[in-house]
A.B. asks: 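Once you've had a glance at the structure underneath, I'll fire off some questions.
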Amino acid sequence: MYQVVPGGAGGTNTDVLPKQKRSKDTRPLVGAGLIGLVLVIGAVTAWCYYIASLRKAELLKTQLLDLNKDGYIIRNQGGAIVFRMDFRSGTLDLDSCSKEGEILSCGRTTDRKLKFFIETVRPKDTVQCYRVRWEELVPNILVEHAMTYKFAHWYGGAISAIQHWPISISGQQAPKPFVTSDIYSNREEFGGILESYWLSSNATAIKINSSVPFHLGWNNTEKTMYFQARYNDSPFKPNTGEAPCAELSYRVCVGVDVTSIHKYMVRRYFNKPNKVPAKVIFQHPSWSTWALHKTDINQEKLLTFADNIRKYNFNCSQLEVDDGYTSQYGDFEFDPIKFPDPSAMFQKLKSDGFRVSLWIHPFVNYESVNFHPGVQRGLFVREPTGQLPALVRWWNGIGAIVDFTNSEARDWFSSQLRSLRSRYGVSSFKFDAGETNYLPWKFSTKNLIRDPSFFTRRYTEMAMPYNDRAEMRSGYQSQNISCFFRPIDRDSVWGYELGLKSLIPTVLTISILGYQFIIPDMIGGNAYLNRTDGSRGLPDRELYIRWLELAAFMPSMQFSIPPWEYDNEVVEIARKYTALHESLVAPRVLELASEVLTTGDPIIRPLWWIATGDETAYKIDSQFLIGDDLMVAPVLERGKQERDIYLPAGRWRSYKGERFDIKKPQHLTDYPVDLDEIAYFVWV
């Protein structure tokens, strides 16, 4: 038998292909295939990374805020960048970030753990807010964020010796404690009325939390402001028992225009007065002995001063006896040599219709009869160990400073004021000083003060029983004290450094910070030696007249250098403007003052208040509004009897009777204003 096998002889199985040697012609095809495979894998990988990056980008966005490892930006509804903050104290590790609802949080920088979050809050349709907090977990590491200010004009913060509107920043400053200071003696420091709040022309506002050990610096080359929190080398203190771990927390809010965002911030975050001070202080000028007599005041001079006020037919809301009426600083009794019969003097003044206010301060010099009893009772601020009173140097010598965190010290101080009122019928007090620069760098108080400026707040509280007529020159979170606030002494000069030109920027700044009942210091300035434009120890006559005209449109007026020290023409001009203040200005101011209790809105307003999108209005520092319907444009230049005036769009009537019905802003160039005039315009 035999079997036929397919394939012929040799028995080859046709189901199995014979192996063949590959030719060189097929290799490029294999290489191309491999390259294609690599490209496909690369494309898939890139796509995965792209998707991951989109998810990360989405994670690091919260509403109109974009976060990155080095900071964040905020856009407005139109997509334009309106705010930028850079992190200077660390780089965020974005892999440690997560988002839950409206809270975006991170747990690390590239080299350490921390607590960081941004929470989005939308309190109303037209406002978007962001709560930002960076908290260090290791003691004595500072936190610093750098805000770019080149996008807009900025306002607020604090009064300063050289005051501009908007804020004008020059040079560089390492972050320093943002605390109240006497800028007359320390002209490079922050002023005595201060709040950690700033507002920009692009409808952005920032408010630093009061718990922050806040230091402020700047660099004009970089156009940045440095917001820093630290306890190291600082007068700020952590709570008792807590480690000095710095925390920088604040709120940034963005609105549709500068006026509406400020209204929101004031209503939401500021204290407000709970009453309007005495009506008569708004209507009639007060008269101080200071610029005229300095410390050389006595009973005879005071009575003569009062007699002349009556003789020249001026009204007087109150007569203010300034520095120099006691034997020693820290006494609460009249000097028996200078004031031999104060009781009879007060009776005479009362019978002539005068209410009398006394100058007061928080210092007790070591020569005072109250110094040693105060030491024994522990009434004064102490050095860090708490064993001894901390002696401080102030402009009238060396002494202790009353510890207003100590209830016993507050009661003692209050009892002295009540005694003066009961013995002589004193109507109120001018509370001088109170700034934290008069505290030692290191000190202790009965109750811990974490923020040195809280000492200022405690001092301002002493004015509350007298707030109908009280005058205060320092303030921190003190808007609800409900008294008159006065910026630091002005020099009798024309310029921006504590001179006439500084008045409007200073009053606008105080108003933005929530202080609306303002005495803009004495007409003509304080007539200090070597800081006065003028002769015979008097402010320059023209300067005095222009100052008087401007003061007539402020919430209240205060004389010290009396107009009769010049001539009859100046007396007549003074009568004219005190009458105009009473008839035109005071009624408007009083109406607005009642609104302040609920709104906190300024009485004295910048032009941008009614011209929110007007770039020119953002920069004007020599005009202002009283409410929305009275615009004032004083002459502030020596030798000028004309000025340029900027009229916002609207229907205006000038003090000369001219009418302007304009649909867009208008410049009035070289508008004539005589020496006895001030330009003002009323909304028709």
A.B. asks: Is atom CD of E300 surrounded by more than 12 heavy atoms (other residues, nucleotides or ligands) closer than 6.0 Å?
C.D. replies: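 No, CD of E300 has 12 or fewer neighbouring heavy atoms, counting only those of other groups under 6.0 Å.
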A.B. asks: Taking CZ in R457 as the centre, count heavy atoms belonging to other residues, nucleotides or ligands within less than 6.0 Å. Is the count above 12?
C.D. replies: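 Check passes, neighbour count above 12.
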A.B. asks: Is there a side-chain contact between S622 and K501 (heavy atoms, below 4.5 Å)?
C.D. replies: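 A side-chain contact under 4.5 Å is absent here.
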A.B. asks: Give a yes or no on whether R423 atom CZ has more than 12 heavy-atom contacts from other residues, nucleotides or ligands under 6.0 Å away.
C.D. replies: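 Correct, the count exceeds 12.
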A.B. asks: Could you point out which residue of D323, D521, D322 forms a salt bridge (charged side-chain N to carboxylate O under 4.0 Å, His left out) with K430?
C.D. replies: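 For K430, the salt bridge (charged side-chain N to carboxylate O under 4.0 Å, His left out) test succeeds with only one of D323, D521, D322, which is D322.
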A.B. asks: Within the distance-only criterion (no hydrogens, no angle test), does the side chain of T180 pair as donor or acceptor with the backbone N or O of T436 below 3.5 angstrom?
C.D. replies: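 Present.
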A.B. asks: Counting only heavy atoms not in K275, do more than 12 sit closer than 6.0 Å to its NZ atom?
C.D. replies: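 Counting other residues, nucleotides and ligands, NZ of K275 exceeds 12 neighbours.
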A.B. asks: If I compare all heavy atoms of M472 with all of A463, which pair ends up nearest, and what's the gap?
C.D. replies: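 That closest heavy-atom pairing would be CE-CB, 3.6 Å.
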A.B. asks: Suppose we screen for ring pair (Phe, Tyr, Trp, His ring centres under 6.0 Å). Which residues come up paired with F404, at least two apart in sequence or across chains?
C.D. replies: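 Checked F404 against ring pair (Phe, Tyr, Trp, His ring centres under 6.0 Å); matches are F413, F455, Y459.
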A.B. asks: Does the ring center of Y329 lie less than 6.0 Å from the ring center of W394?
C.D. replies: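 Centroid separation for Y329 and W394: below 6.0 Å.
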A.B. asks: Could you tell me whether K656 sits above the aromatic face of Y671, with NZ or CZ closer than 6.0 angstrom to the six-membered ring centre and within 45 degrees of the axis?
C.D. replies: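 The answer is yes; both the distance and angle limits are met.
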A.B. asks: Looking only at heavy atoms, which two atoms of P634 and I504 are closest? And how far apart?
C.D. replies: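 Minimum heavy-atom contact is CG-CD1, 3.8 Å.
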A.B. asks: Once you round to the nearest 0.5 Å, how far does CZ of R575 lie from CZ of F314?
C.D. replies: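 With rounding to 0.5 Å, CZ (R575) is 5.5 Å from CZ (F314).
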